[in-house]
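Take a look at the structure below.
First listed ligand is number 1; within each ligand, the first listed atom is number 1.
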Amino acid sequence: MNHFLDIHTTDPAELRGIIDSAAAMKAARAGRPRGALDEAQPLRDHMVALIFEKPSTRTRVSFDVGVRQMGGQTMVLSGTDMQLGHGETIADTARVLSRYVDLIMIRTFEEATLLEMAEHATVPVINGLTNRTHPCQIMADVMTFEEHSGPIKGRRVVWSGDGNNVFASFAHAARQFDFDLVFTGPPPLDPEPALEGMYSIERDPAKAVQGADLVVTDTWVSMHDPQSARERRHNQLRGYQVNADLMAQAKPDALFMHCLPAHRDDEATSEVMDGPHSVIFDEAENRLHAQKAIMRWCLQR
Ligand code: CP
Ligand code: NVA
């Protein structure tokens, strides 16, 4: 069964096929109203469960709209409202949901929850973010990069900030799509050891971004991080803010990305977010197209 759990556990040729299919589906919809059905309706008569144990704007709306455009129906479920939040096991939840729906997307805390869901579900499961990874986001980011700047293979991508879940999926993508990834951030916020070998480290942000084709950052405090860490992280990360001075060290045509939601003028200045390098809203839009292609791939339709 085609679960979409992570980028490093999905075959590179399959990932490339998903990106190509996303681009084709996006082109086919150009200029059409958002609510219009796609010409082909691969999810017709299909029901999709979207489970959220954490807040979401983009993932929630883009999956919901994507399913509907492909002719399917959705139900959006909050973890706390389900018995899942009141002691029912993940395995039993997976078995039960598999009797009602054709596809499950889950945003959760522990990766173990996602993996247990996938192990016991008899329908495909998609990772909509865990504490460890965010693969759908990075599929949209690869698509966005290639739309603006051509093939990502061999290009220099620089991540400035916290070595978090979004970085981890970038590291997986660096291996699968064959680009160079540089991490710049303070040692206490280094990426997890399992990612070693997938990226290099340059502690000086100004040096790191030299020759960069893409500069990326993300929030300094993720949803799973304790709020008590906020002040310490701001102190640790202040020097890694993506501002106009930093972007000026990258290639003149470098792109700037942020998965959003952003804390403007913390991890990146509004000048950069709204400036000529920024493709942040294209990234957000491409969540829709990339995820539609991921769902088709999961269902092989
Ligand atoms: N980037 C992203 O996943 O956004 P949401 O948290 O709003 O879904
Ligand atoms: N790193 C962020 C990404 C949000 C889309 C978080 O996990 O909160």
| Can a donor-acceptor pair be found between the side chains of T133 and N165 at a distance below 3.5 Å? | no
| query | Which residue and non-hydrogen atom of the protein lie closest to atom 6 (O) of ligand 1, and at what distance in Å? | reply | R107 NH1, 2.8 Å
| Would Y199 and F170 count as a close aromatic pair, with their ring centres under 6.0 Å? | no
| field | ligand 2 N/O within reach of H224 N/O, cut-off under 3.5 Å | value | no
| ligand 2 contact on N165 by region, counting heavy-atom pairs under 4.0 Å | side chain
| task | Examine W220 together with H263 and report whether their ring centres are nearer than 6.0 Å. | result | no
| task | For Q41, look at atom CD and say whether over 12 heavy atoms of other residues, nucleotides or ligands are found less than 6.0 Å away. | result | yes
| task | Would you mind checking which non-hydrogen protein atom is closest to atom 8 (O) of ligand 2, with the distance to 0.1 Å? | result | M223 N, 2.8 Å
| task | Any atoms of ligand 1 less than 4.0 Å from a non-hydrogen atom of C259? List them with their elements. | result | 1 (N)
| request: Pick one of side chain, backbone, both or neither for how L260 approaches ligand 1, counting any non-hydrogen atom pair under 4.0 Å. | output: backbone
| Is the number of heavy atoms from other residues, nucleotides or ligands under 6.0 Å of R32 CZ greater than 12? | yes
| said: Check whether F109 forms a cation-pi arrangement with K54 (NZ or CZ under 6.0 Å from the six-membered ring centre, at most 45° off the ring normal). | reply: yes
| field | Short side-chain to backbone donor-acceptor contact, T217 and V242, under 3.5 Å | value | no
| said: Any nitrogen or oxygen of P261, side chain or backbone, less than 3.5 Å from one on ligand 1? | reply: no
| Just distances here: any N/O of R287 and N/O of ligand 1 closer than 3.5 Å? | yes
| Which atoms of ligand 1 have any heavy atom of T57 under 4.0 Å away? | 5 (P), 7 (O), 8 (O)
| field | Greater than 12 external heavy atoms within 6.0 Å of E111's CD | value | yes
| task | May I ask you to identify, for Q137, whether its side chain, its backbone, both or neither come under 4.0 Å of ligand 1 on a heavy-atom basis? | result | side chain
| task | Give the residue and atom name of whichever protein heavy atom lies nearest to atom 4 (O) of ligand 1, and the separation in Å to one decimal. | result | R58 NE, 2.8 Å
| If you count the atoms of ligand 1 from 1 in the order shown, which ones are under 4.0 Å from a heavy atom of H134? | 2 (C), 3 (O)
| message | I'd like to check which ligand 2 atoms, numbered from 1 as shown, lie under 4.0 Å from a non-hydrogen atom of D218. | response | 1 (N), 2 (C), 3 (C)
| Check: E267/H258 side-chain N/O donor and acceptor closer than 3.5 Å | yes
